[in-house]
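Report on the structure given below.
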Amino acid sequence: MFAFIARRLVATIPVLLFVAIFVFMLLRLTPGDPAAVIAGDNATSDQVAAIRAKLGLDEPLHTQFFIWSGKALAGDFGESFFFKKTVAELIVQRIEPTAMLALCTLILAVSIAVPLGVLAAARQGGWVDRAIMGFSVLGFSVPVFVVGYLLIYLFAIQWGLLPVQGYRRIAEGFGDFIIRLILPSVTLAVIYIALISRITRASVIETLGEDYIRTARAKGLPGRTVLLRHALRNAAVPIITVIGIGIALLIGGVVVTESVYNIPGVGRLTVDAVLARDFPVIQVVILMFSFVYVLINLVIDIAYSFFDPRIRY
Amino acid sequence: MTIALENEVDAAAARAAAVARPSVWKRLSQNMSVRIGGAMVLVMVLIGLAAPLLGTIDPARIDPTTRNRKPGVEVTVRNDDGTRTTRTVHMGTDSLGRDIYSRVLYGARVSLIVGISVASLSIVIGVFIGLVSGYIRWLDGIVMRIMDGLMAIPGILLAIGLVSLFRAGLGTVIFAIVVPEIPRVVRLVRSVVLSVREEPYVEAAISVGTPLPKILWRHILPNTIAPVIVQGTFICGAAILAEATLSFLGIGIPTDTPTWGNIMAEGRQFFRVHPHNILYPAIFLAITVLAVNMLGDGLRDTLDPKMSKRV
């Protein structure tokens with residue numbers, strides 16, 4: 001058990017290292033002098049030279065990487081040349097909206113998608129199943145921002161039920177906070193629901209074919225008990241895996257949703273940083289999102305061995 | 001006697017198999033998803049090809065006198081030689097007076113080019129890496145660690161990072177969308193290779209001294225075709241979405257090229273008053289991706305029934 005956790009942790013290291021090297025190389029791969037890129041268009045040659053010295057750009061590449069990653073481990077990600085703040089400060093300011101949006105979406109998506117998937121599996125081939133799967137294919141085909149504008153148009157502009165855009169911090173009152181988060185969360189949840197409900201359906205259908213389900217039915221258990229306690233429980237592993245893998249979709253969606261709803265989060269920051277060619281910020285955002293993604297999937301992997309004693313690695 | 005009997009049984013089995021399994025084309029043409037999805041994709045391709053013939057005007061033509069017109073309104077445009085022409089703007093005009101209908105139709109070209117190029121490029125590269133990595137053991141570890149690393153970066157984010165490196169343009173966007181897709185193809189191909197390489201016919205090929213490239217080409221590659229075609233269709237759909245997303249965020253193809261994402265990005269500002277700028281490209285985009293995905297679903301069910309169980 002502990003050997004497995006240790007192995008899994010060790011296996012994560014090369015992945016994270018690759019991401020770190022990739023992110024590091026991003027600035028070094030840009031055409032032209034990275035110091036000049038950071039300094040911007042109006043810098044003097046002295047300023048460029050100062051930045052070059054500060055970043056250690058005169059050192060060989062691997063030394064540069066060690067300097068850079070050493071600083072990053074200490075929380076020093078450099079300075080954003082566009083926002084004139086340290087990147088760490090910038091991220092801390094922007095993290096709350098993004099975390100809240102992702103959390104709300106996750107809760108919303110799982111609590112809708114899993115029941116939908118089970119329902120579709122229970123009615124396999126019927127019109128309920130077809131409708132749910134039709135919705136799922138549609139959810140994959142409509143881009144996040146189109147869903148966003150459609151919801152804004154209907155709920156905010158036509159019916160005036162919810163605010164159009166913007167974000168309130170949770171400290172400014174929970175009511176205001178949650179009401180502004182409804183549309184963005186629903187928007188972002190659509191594709192996630194499509195993904196999870198599809199997997200839930202497939203996984204439950206597969207377990208429904210198992211012998212122990214027949215046994216449970218044969219001993220006269222009610223259909224719902226069989227479905228939820230016997231089938232869904234045993235179908236859980238692929239579902240949770242996909243929730244973990246879907247975090248990548250969620251992160252991509254956050255970037256778009258924050259732009260649509262004008263939410264001052266990390267996703268919005270990403271787009272602003274790319275438009276301003278603000279490489280220190282782009283680096284950190286990619287690094288951070290990737291680490292979160294990898295670590296969540298690591299936790300999920302380890303969690304299996306706790307929850308499902310059949311899994312032996 | 002026994003041998004004869006066995007032959008007869010074999011022949012009967014073969015006949016039964018032939019009856020139960022009609023040809024691939026027949027099965028494909030009988031699948032509803034393939035029919036509907038394929039027909040819709042075909043219509044979009046035709047629209048893209050025939051865009052100049054479908055009553056469009058120059059999609060980049062700016063006309064300050066006819067800005068922000070609602071769909072279906074008649075506008076009168078003064079031509080360079082002083083004459084006036086009146087025409088109906090079927091989908092309205094944008095904030096620069098450009099005709100949305102023409103832009104949407106020309107936009108189909110860009111979306112389809114991106115979808116098809118990304119799908120074919122990521123398949124060619126992914127199949128090559130997957131074949132080599134799956135068959136040559138010592139390469140496998142390194143290659144798969146790199147693929148794991150690439151997959152650890154959420155796709156759209158990786159694309160955003162790559163786009164920021166180079167000058168914006170069609171090539172950059174295609175490259176940025178291809179890179180995140182490659183690991184998925186590599187994994188798929190590698191898994192096929194790993195299961196096939198132990199088959200007796202591969203062993204036989206090795207034992208008679210077939211050179212490695214020929215083994216990969218003649219004996220291993222054909223097994224990957226069905227799953228890769230299926231995967232490629234889904235990649236095509238995802239790539240069309242990704243291009244629209246990047247353009248929408250303002251970091252994709254330059255804004256003077258009419259793409260569905262660009263039209264929508266320009267429509268954002270005036271969305272409350274003129275939702276048509278977003279509505280029409282969105283409908284085309286959604287229908288196209290839906291069609292490609294339906295085609296993919298149908299292909300998967302007919303070509304690769306094992307895979308349909310997995311997802």
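Numbers restart at 1 for each chain; the letters A, B, ... are given by sequence-line order, proteins then strands. Predicted, not measured: the structure shown is a model, and the values here were computed from it.
- Per-residue counts of heavy-atom pairs under 4.5 Å with chain B were compared for A:Gly253, A:Pro14, A:Ser290; the largest is that of A:Ser290.
- One finds no salt bridge joining B:Asp140 and B:Arg137 here, because no Lys/Arg side-chain nitrogen approaches an Asp/Glu carboxylate oxygen to under 4.0 Å.
- With chain B as partner, the option from A:Leu138, A:Ile157, A:Leu26, A:Val146 having the largest number of non-hydrogen pairs under 4.5 angstrom is A:Leu26.
- In terms of heavy-atom pairs under 4.5 angstrom with chain A, the leader among B:Leu285, B:Ile156, B:Leu157 is B:Leu157.
- Residues B:Thr172 and B:Val163 share a closest heavy-atom pair of CG2-CA, 4.0 Å.
- When heavy atoms are compared at a cutoff of 4.5 Å, A:Ile286 approaches chain B by way of both its backbone and its side chain.
- Remark: the backbone N or O of B:Glu181 is not paired with any side-chain donor or acceptor of B:Ser122 at under 3.5 angstrom.
- Ranked by heavy-atom pairs under 4.5 Å with chain B, the first of A:Ser259, A:Ala156, A:Gly267 is A:Ser259.
- Only the side chain of A:Ile282 comes within less than 4.5 Å of a heavy atom in chain B; its backbone stays farther off.
- Heavy atoms of A:Phe22 lying under 4.5 Å from chain B belong exclusively to its side chain.
- In this structure, the side chain of B:Trp260 engages the main chain of B:Val104 through a donor-acceptor pair within 3.5 Å.
- Between B:Ser33 and B:Asn31, the closest heavy-atom pair is N-OD1, 2.8 Å.
- Of the two parts of B:Leu241, only the side chain, counted from C-beta on, holds a non-hydrogen atom closer than 4.5 Å to a non-hydrogen atom of chain A.
- If you measure heavy-atom distances from B:Met264 to chain A, the contacts under 4.5 Å come from the side chain alone.
- In terms of non-hydrogen atom pairs under 4.5 Å with chain A, the most contact-rich of B:Asp148, B:Thr245, B:Val292, B:Leu158 is B:Thr245.
- Checking side-chain atoms of A:Thr207 against main-chain N and O of A:Val204 turns up a donor-acceptor pair under 3.5 Å.
- Contact of A:Val256 with chain B is made through backbone and side chain together, with heavy-atom distances under 4.5 Å.
- With a threshold of 4.5 angstrom between heavy atoms, B:Ile240 does not approach chain A through any atom at all.
- Contact count versus chain B (heavy atoms, under 4.5 Å) is highest, among A:Leu17, A:Ile251, A:Val144, for A:Ile251.
- Remark: the backbone N or O of B:Pro180 is paired with a side-chain donor or acceptor of B:Arg184 at under 3.5 angstrom.
- Proximity to chain B involves both the backbone and the side chain of A:Tyr153, based on heavy atoms less than 4.5 angstrom apart.
- Both the backbone and the side chain of B:Leu150 have a heavy atom closer than 4.5 Å to some heavy atom of chain A.
- A:Ser203 contributes no side-chain N or O that, together with a main-chain N or O of A:Thr200, makes up a donor-acceptor pair within less than 3.5 Å.
- Between the side chain of B:Asn262 and the backbone N or O of B:Pro254, at least one donor-acceptor pair lies under 3.5 Å.
- Looking at A:Thr257, its side chain never comes within 3.5 Å of a backbone N or O of A:Pro184 through a donor-acceptor pair.
- Of the two parts of B:Ile278, only the side chain, counted from C-beta on, holds a non-hydrogen atom closer than 4.5 Å to a non-hydrogen atom of chain A.
- Of the listed residues A:Ile152, A:Val137, A:Ile21, A:Val142, the one with more heavy-atom pairs under 4.5 angstrom with chain B than any other is A:Val137.
- Of the listed residues A:Phe289, A:Phe140, A:Phe145, A:Tyr293, the one with more heavy-atom pairs under 4.5 angstrom with chain B than any other is A:Phe145.
- Between B:Glu266 and B:Arg103 a salt bridge is recorded (basic side-chain N to carboxylate O distance below 4.0 Å).
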